[in-house]
Amino acid sequence: MTILSQNCTPFEGQKPGTSGLRKKTRVFMQPGYLECFVQSIFNAIDGVAGKTLVIGGDGRFFNAEAIQIILRMASANGAARAIVGQSGLLSTPAASNLIRQRQADGGLILSASHNPGGIDADFGLKYNISNGGPAPESITDRIFSETASITQYKTCDTSDIDLETLGDTLLGDMTVEIVDPVADYAELMQTLFDFDAIRAMIAGGMTLRFDAMHAVTGPYATALLEDQLGAPKGSVLNGVPLPDFGKGHPDPNPIWAKPLVDMVMATDGPDFAAASDGDGDRNMILGKGVYVTPSDSLAVLAANAHLAPGYANGIAGVARSMPTSAACDRVADALGVDCFETPTGWKFFGNLLDAGRVTLCGEESAGTGSDHVREKDGLWAVLLWLNILAVRKMSVREILLDHWSTYGRNYYSRHDYEAVDSDIARLLMEDLTARLPELSGQTFGSCKIRQADQFSYHDPVDGSVSHNQGLRITFEGGGRAVLRLSGTGTEGATIRVYLERYERPEGDLDVEPQTALQDIATAVDRISELRLRTGRTAPDVMT
Ligand code: G1P
Ligand code: ZN
């Protein structure tokens, strides 16, 4: 094998966003593009000589080809071992688990999460550190600065590795170990949940559906829900991962997983349903006749986690991203544990989890997880819900109503305006930022602004500060709106508007959320001039 040093010139815009580098697939496929980014990662972490890396992805178009490129580069850069999921598959939480279980130095996860896959869709790559979690900003900043000055990358002239056969092979001096992507993850789940209780509930007639959306969770869900927990064959829908996710949009929300929502809303629908996204870290939870918002799901899980064996001793604390509703704050209050508010993106939970300050974390964007790995985890959330249902012997709807009548309800919705002209979006945010100081005290319709500011996060563990993490507008009476630009899009800008209003336990808990939030939505539109400036009349997606 010959090690080759290839000259290259930097590609513009290789800046990791909320979750790694996301670009159009064809951008990633340009000669040298992936190579420059991977070498920049290696350079940013002081090389990979002698190191062990976990490598895998969500199976989307270009997944296997990218893995071959990365393996050759890892070998040429002196890595000792690469642990790779069979067929190049690893869900994001399973990759996080493998990094931890195998004490690897880090991992490369190939995914654009919930973005569509295909040659004309999206691709992505992110680096995770040895705790199994996404690289913190200090490292992603270093990666970006390496991408700006890179002149050379290392690779070798070997043929492709067989990604199908389990076991060890050599690529130059590096051992490539192909592992079953499901086994270690399934074992971890068995330590956290009462599989016997869930099995008994299912055997007793409780019906469920899990929509894998033709993405990576198919094999995981089939093994866990059907093979181990006894759900009848066919309970897992769209369970075979496809490179283009069956031309779908693998985002588990009521828009993109509408067939599943329609199913649970029907009178003969299943008792419980759930879906996960492209790389398996997101979740959507549904019960017969009811959709559980991710913010409510986090709160319900926090209040009930002790019912699962893995959390029997209670939770140390909870963390949520700033735009996530404050529903879990009320649970934390009642439990007497801390609740942290972090910027959007799972990487900000890592320090709190490592320091043992929190056990559960969540984001409004369908991400929930715990200290069992350092990523959000879709199937984990499904299994914790099933465990809770099995113990409480109530329906999803009953659990939700009981929760609201105990803690009150945080009406919540996110409105996304997608593929907005980048300059218009940037100006809108800049102008609004400039006006923040003068907003408090002003009234828009029925909403009086109490306070308006920009969110900065002071990490209580390592003292780092992250500025510019979203604009917050709070209203008299407890309402809130948040505006921020997405950091994961690949086309123009996506403006996210997050709306929230609290209703006390004795108030009206059964209003349709968009109706409950109408006044705040109208006020935000007037404050930001969003529709006027973008020419849009309605959001593209409401979750
Ligand atoms: C989105 C979500 C965020 C999540 C991220 C990665 O990021 O809003 O909560 O962590 O995807 O799954 P955004 O596009 O808003 O930057
Ligand atoms: Zn994802």
Side-chain angles (χ1 to χ4, degrees), residues 15-22 56-60 90-96 109-117 122-126 128 133-135 137 140 212-213 215-217 220 241 245 249-253 256-257 275-284 293-295 298 319-325 341-350 361-369 373-381 412 414-420 425 429 455 466 468-471 482-498 540-541 543:
K15 186 174 173 55
T18 314
S19 182
L21 185 68
R22 300 248 177 109
D58 62 12
R60 68 180 59 223
L90 277 177
S91 77
T92 291
S96 182
I109 303 178
L110 300 93
S111 169
S113 188
H114 51 288
N115 296 11
D122 294 350
F123 195 78
L125 174 62
K126 80 176 171 173
N128 280 28
E137 274 188 335
T140 55
M213 304 187 87
V216 80
T217 48
Y220 294 86
F245 305 124
H249 196 134
D251 195 356
N253 65 36
W256 299 115
S276 190
D277 71 331
D279 61 329
D281 57 359
R282 294 188 173 200
N283 72 88
M284 175 173 69
T293 69
S295 295
L298 174 63
R320 62 164 171 85
S321 68
M322 183 273 283
T324 303
S325 97
E341 190 177 40
T342 58
T344 295
W346 208 261
K347 58 180 174 245
F348 293 101
F349 294 134
C361 308
E363 293 195 276
E364 52 64 42
S365 53
T368 343
V373 288
R374 292 295 180 272
E375 289 278 4
K376 55 192 179 237
D377 188 344
L379 269 164
W380 169 89
Y412 189 84
R414 186 178 95 186
H415 294 184
D416 291 338
Y417 297 82
E418 295 177 342
V420 174
M429 295 298 281
F455 178 56
S466 303
N468 216 349
Q469 298 296 331
L471 309 183
V482 172
L483 286 95
R484 60 179 283 280
L485 295 182
S486 157
T488 57
T490 56
E491 224 180 299
T494 295
I495 304 174
R496 302 203 196 282
V497 182
Y498 309 79
D540 296 285
V541 179
T543 52

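All ligand and atom numbering here is 1-based and tracks the order in the structure. Computed over heavy atoms, backbone and side chain alike; hydrogens, waters and symmetry mates excluded.
- The minimum heavy-atom distance between Gly17 and Lys347, with the atom names listed, is O-NZ, 3.2 Å.
- Applying the side-chain contact (heavy atoms from CB on, under 4.5 Å) rule to Ser295 yields the partners Thr293, Thr324, Ser325, Glu364, Tyr412; only residues at least two apart in sequence or on another chain are considered.
- The OG atom of Ser365 sits 7.5 Å away from atom CZ of Arg496, with the distance rounded to the nearest 0.5 Å.
- Under a 4.0 Å criterion applied to the non-hydrogen atoms of Thr344, ligand 1 contributes the atoms 3 (C), 8 (O), 9 (O).
- Heavy atoms of Ser486 found under 4.0 angstrom from ligand 1 belong to the backbone as well as the side chain.
- The closest approach between any non-hydrogen atom of Arg414 and ligand 1 is below 4.0 Å.
- Residue nearest to atom 6 (C) of ligand 1, selected from Lys376, Arg496, Lys126: Lys376 (by heavy-atom distance).
- Looking at ligand 1, you'll find an N or O of Gly487 within less than 3.5 Å of one of its N or O atoms.
- The protein heavy-atom contact nearest to atom 1 (C) of ligand 1 is Arg282 NH2, 3.6 Å.
- Contact annotation: Gly345 has at least one heavy atom less than 4.0 Å from an atom of ligand 1.
- With respect to atom 2 (C) of ligand 1, the closest heavy atom belonging to the protein is Ser365 OG, 3.5 Å.
- The two residues Gly350 and Arg374 make their nearest non-hydrogen contact at O-NE, 4.3 Å.
- Checked against side-chain hydrogen bond (donor to acceptor under 3.5 Å, both in side chains), Arg60 has the following partners two or more places apart in sequence or in another chain: Asp58.
- Of the heavy atoms in Thr488, both backbone and side-chain atoms come closer than 4.0 Å to ligand 1.
- Taking CG of Asp279 as the reference point, atom OG of Ser91 lies at 7.5 Å (rounded to 0.5 Å).
- Polar contact check, Arg484 against ligand 1: a nitrogen or oxygen pair lies under 3.5 Å apart.
- Counting heavy atoms from C-beta outward, Phe349 and Glu363 have side chains that approach closer than 4.5 Å.
- Between the Asp377 side chain and the Ala381 main chain, no donor and acceptor come within less than 3.5 Å of each other.
- Protein nitrogen, oxygen and sulfur atoms, that is N, O or S, within less than 2.8 Å of the Zn ion (ligand 2) amount to 4.
- Closest to atom 4 (C) of ligand 1, if we only count protein heavy atoms, is Glu363 OE1, 3.5 Å.
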Test side-chain contact (heavy atoms from CB on, under 4.5 Å) on Tyr417 and Val497; report intermediate values, then the result. CA-CA 8 Å; Tyr417 297 82; Val497 182; 4.1 Å; yes
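- Remark: Pro241 engages Leu89, Pro219 in a side-chain contact (heavy atoms from CB on, under 4.5 Å) (not counting sequence neighbours).
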Given the rule in the side-chain contact (heavy atoms from CB on, under 4.5 Å) test, do Thr494 and Val420 qualify, once you have shown the distances and angles that lead to the verdict? CA-CA 6 Å; Thr494 295; Val420 174; over 6 Å; no
